[in-house]
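I have placed the structure first, in the form of structure tokens, so that the comments after it can refer back to it.
Computed from a predicted model, the values in this text were never measured in an experiment. When a ligand or atom number is given, it counts from 1 through the structure's own listing order.
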Amino acid sequence: MTIDYQERIPNNVGLAENRTLQRALEHWQPRFLDWWREMGPSDFLDCDVYLRTATSVDAKGWASYGTVKMPDYRWGIFLADAVPDRTIGFGDEFGKPAWQQVPGEHRSTLRRLIVTQGDTEPASVEQQRLLGHSCPSLYDLRNLFQVNVEEGRHLWAMVYLLHAYFGRDGREEAEELLTRHSGDADKPRILGTFNEPISDWLSFFMFTYFTDRDGKFQLKSLAESGFDPLARSCQFMLTEEAHHMFVGDTGIARVVRRTLEVMKELGSEDPAAVRGKGAIDLPTIQRYLNFWFSSSLDLFGAEISSNAASYFATGIKGRPDEASFADHLCKEGAMTFEAPDGKGGVTTDAVPLRNAMNEAVRSAYVRDCEIGVKRWNRLIVKAGYTSELSLPSPRFRRGIGAWAGRPVDPAGNIISAAEWQAKLPGWIPSEADRSFVKSQMQRVTTPGKMAAWIAPPERGINNLPLDYEYVHLH
Ligand code: BYC
């Protein structure tokens, strides 16, 4: 379905036919723009950026590329096409018609999930707002801004649902989404990872690889929802999310490639020598990986969750690709997982499937994360080295669930609290690591040129050459 760009708020939801809703959203729009100017990419409002914008929601033809100033980006409301006679695909409501309105009994749960999802979107823009000042290339700067404007649109997607389906409470929640801020001591963002600072590009690539991938799994789960407008919103958001993970995956690969080049030039793997040449040594990359992977694991919630069981039972939130499972009821059976036994050992818990949904989705996420790690390791092997990057154990540095606050090393061994305290600084980026990485973040804005710590990408955007001026800075 083509999107109407003549409207003040581009949309494919027939906004013009619902004057009350249109007025409410037009009232929210200037607040969003104020937020963007204040909390979005700082000092780049006047730049011309080569961005893609959605023009239709079908899989092939949705992206149109052109030069835009970010505040003029056409943020809008786009739902994937409706599936005629769609039914709920899981839980106790299996086979019943999907809901076109919010069932009264699920109102507060759905609102809460939509708010939680919506909260992450502006949070990530806030986290990344200063990165433009230290971009390693114009290509990367453009990708950062593409990610930012699309996260802004994802916020629009959730705000539309709040306004259209949740009355006054929904409008109030939409306002609140612009008043909580990432890292704010008084009004932080809802989920932990979205309050972590992203003050260098290595963190940005880790975040887009690991945290946006949580986004993929959560959006896929919500795309199965019995609440059809939520399912269709998330379906379309997923097409945009794919590029964000690409930015992370290729970004980390390029950092690794550059490091390997420098190691070869030097004939040494010595981290200090690698740093001396302006590249980021592999152990530092591993520490950043440990930090963002462990933080992102918490975003799936606890292993045993009555919330998750009830989302599934009631048809509110399913599993990614629900159709690929044989059993959509999950009334029987259990999932086993290991938890600390409280005496320094490990015990195996069997949890009814519905209560273990968070863990099932987290396990699929871990498998997905491993794909990139294998790819980066292939680069290392190809360059003739034996070191490896690896995902730390999912027990490591957890803040949510059975392993929360437990002293566990990256290999998954339970250790003493004292050993944990002493060794943690070597497992995640230390202050010295962060200040070294930050010191390398020198802004490079000559078209086609890259900072010393990152290799060029394999190709440009939309078949344009690498030295295309993706952002015109004036
Ligand atoms: N931090 O039963 P439990 C994305 C809370 S990312 C703080 O274990 P549940 C994006 C939880 O809220 C995807 N609190 O968890 C990526 C609950 O609180 P209450 C975002 C946390 O409810 C990059 C309590 O702990 N989307 O899109 O089964 C850039 C115990 O709850 C955390 C969603 O998250 C945490 N990490 O599952 C831009 C989807 N984890 O009720 C965007 C919507 C748990 O005791 N959210 N808690 O006060 C959900 O589906 C669920 O809320 C969660 C938690 C999966 C997050």
Quiz item: Who's the nearest protein heavy-atom neighbour of atom 20 (C) of ligand 1, and how far?
Solution: Gln117 OE1, 3.4 Å

Quiz item: With under 30° as parallel and over 60° as perpendicular, where do the rings of Phe32 and Trp36 fit, or are they tilted in between?
Solution: tilted

Quiz item: Starting from atom 25 (O) of ligand 1, which protein heavy atom do you reach first, and at what distance in Å?
Solution: Ile400 CD1, 4.5 Å

Practice problem: Without swapping roles, check the side chain of Asp349 against the backbone of Val351 for a donor-acceptor pair under 3.5 Å. | Solution: no

Exercise. Fit a plane to each ring of Trp156 and Trp28, take the angle between them on a 0 to 90° scale, and name the class: parallel (under 30°), tilted (30 to 60°) or perpendicular (over 60°).
Key: perpendicular

Quiz item: Mind checking whether Thr211 has an N or O less than 3.5 Å away from an N or O of ligand 1?
Solution: no

Quiz item: Evaluating non-hydrogen atoms only, which member of Leu191, Asp119, Thr109 is closest to atom 35 (C) of ligand 1?
Solution: Leu191

Quiz item: Where does the angle between the aromatic ring planes of Tyr139 and Tyr470 fall among parallel (under 30°), tilted (30 to 60°) and perpendicular (over 60°)?
Solution: perpendicular

Practice problem: Note the single closest protein heavy atom to atom 54 (C) of ligand 1, along with its residue, its atom name and the distance in Å. | Solution: Gly301 CA, 4.1 Å

Exercise. Under 4.0 Å, heavy atoms only, figure out whether ligand 1 is touched by the backbone of Ala302, its side chain, both or neither.
Key: both

Quiz item: Judged by atom type as modelled, is there a donor-acceptor pair below 3.5 Å linking the side chain of Asn358 to the main-chain atoms of Ala302?
Solution: yes

Quiz item: How does Phe194 reach ligand 1, if at all, at less than 4.0 Å between non-hydrogen atoms: by side chain, backbone, both, or neither?
Solution: side chain

Quiz prompt | For Asp214, the ligand 1 atoms whose distance to one of its heavy atoms is below 4.0 Å | solution = 6 (S), 13 (C)

Practice problem: Kindly assign one of parallel, tilted or perpendicular to the pair Trp427 and Trp420, based on the angle between their ring planes and the thresholds 30° and 60°. | Solution: tilted

Practice problem: Verify whether one side chain among Asn462 and Tyr50 offers a donor that lies under 3.5 Å from an acceptor in the other. | Solution: yes

Quiz item: Within the structure, does at least one protein heavy atom fall under 4.0 Å of atom 12 (O) of ligand 1?
Solution: yes

Quiz prompt | Structural part of Thr120 in contact with ligand 1, heavy atom criterion under 4.0 angstrom | solution = both

Quiz item: Under 4.0 angstrom from atom 5 (C) of ligand 1, is there any protein heavy atom?
Solution: no

Quiz item: Considering residues at least two apart in sequence or located in another chain, which fulfil the salt bridge (charged side-chain N to carboxylate O under 4.0 Å, His left out) criterion with Glu322?
Solution: Arg319

Quiz item: Where the closest heavy atom to atom 18 (O) of ligand 1 is concerned, which of Gln218, Arg112, Met357, Met245 has it?
Solution: Arg112

Quiz item: Taking 4.0 angstrom as the limit, do Asp409 and Lys423 come out as a salt bridge?
Solution: no

Practice problem: Would you kindly specify which portion of Leu219 sits under 4.0 Å from ligand 1, judged on non-hydrogen atoms: side chain, backbone, both or neither? | Solution: neither

Quiz item: Can you list the ligand 1 atoms lying under 4.0 Å from a non-hydrogen atom of Ile190?
Solution: 7 (C)

Exercise. Any atoms of ligand 1 less than 4.0 Å from a non-hydrogen atom of Ser124? List them with their elements.
Key: 29 (C), 38 (C)

Quiz item: Counting only heavy atoms not in Glu38, do more than 12 fall under 6.0 Å of its CD?
Solution: no

Quiz item: Does Thr208 have a non-hydrogen atom less than 4.0 Å from ligand 1?
Solution: no

Quiz item: Relative to ligand 1, is Lys317 under 4.0 angstrom through side chain, backbone, both or neither, heavy atoms considered?
Solution: side chain

Quiz prompt | Contact check: Leu113 vs ligand 1, nitrogen or oxygen atoms, below 3.5 angstrom | solution = no

Quiz item: Without hydrogens or angle criteria, can the side chains of Thr211 and Asp214 be said to hold a donor-acceptor pair below 3.5 Å?
Solution: no

Quiz item: So which heavy atom in the protein is nearest atom 1 (N) of ligand 1, and how far is it from that ligand atom?
Solution: Gly192 N, 3.1 Å

Practice problem: Find out whether Gln128 and Glu151 are in side-chain contact, i.e. whether some heavy atom of one side chain is under 4.5 Å from a heavy atom of the other. | Solution: no

Self-check item: Phe227/Tyr165 aromatic ring centres below 6.0 Å
Solution: yes

Practice problem: For ligand 1, find out whether one of its N or O atoms is nearer than 3.5 Å to an N or O atom of Tyr311. | Solution: yes

Practice problem: May I ask you to check if ligand 1 and Ser305 share an N or O to N or O distance below 3.5 Å? | Solution: yes

Exercise. Closest by any non-hydrogen atom to atom 36 (N) of ligand 1: pick that one out of Asp298, Val361, Leu155.
Key: Asp298

Quiz item: Partners of Phe293 by ring-ring contact (aromatic ring centres under 6.0 Å, His included), sequence neighbours excluded?
Solution: Phe210

Quiz item: With a 6.0 Å cut-off on ring centres, are Trp201 and Trp453 close enough?
Solution: no

Quiz item: Is any N or O atom of Glu241, backbone or side chain, closer than 3.5 Å to an N or O atom of ligand 1?
Solution: no

Practice problem: Please could you name the atoms of ligand 1 that Glu121 approaches to less than 4.0 Å, counting only its heavy atoms? | Solution: 27 (O), 38 (C), 42 (C)

Quiz item: Less than 3.5 Å between some nitrogen or oxygen of Glu151 and one of ligand 1, yes or no?
Solution: no

Exercise. Run the numbers for me: atoms of ligand 1, each under 4.0 Å from some heavy atom of Phe207, listed by number.
Key: 23 (C), 29 (C)

Quiz item: ligand 1 versus Leu299, non-hydrogen atoms closer than 4.0 Å: side chain, backbone, both, neither?
Solution: both

Practice problem: Check whether any N or O atom of Thr116, backbone or side chain, sits under 3.5 Å from an N or O atom of ligand 1, and answer yes or no. | Solution: no

Exercise. Just need the protein heavy atom nearest to atom 23 (C) of ligand 1, so name the residue and atom and give the distance.
Key: Asp212 OD1, 3.4 Å

Quiz item: If you count the atoms of ligand 1 from 1 in the order shown, which ones are under 4.0 Å from a heavy atom of Gly215?
Solution: 4 (C), 6 (S), 13 (C), 27 (O)

Quiz item: Considering residues, nucleotides and ligands other than Arg443, do more than 12 of their heavy atoms fall under 6.0 Å from its CZ?
Solution: yes

Quiz prompt | Arg232 to Phe78, cation-pi by 6.0 Å centre distance and 45° axis angle | solution = no

Quiz item: Can you find a side-chain donor-acceptor pair between Thr193 and Ser295 that sits under 3.5 Å?
Solution: yes

Exercise. Could you check atom 31 (O) of ligand 1 against the protein and tell me its nearest heavy-atom contact, residue, atom and distance included?
Key: Asn307 ND2, 3.7 Å

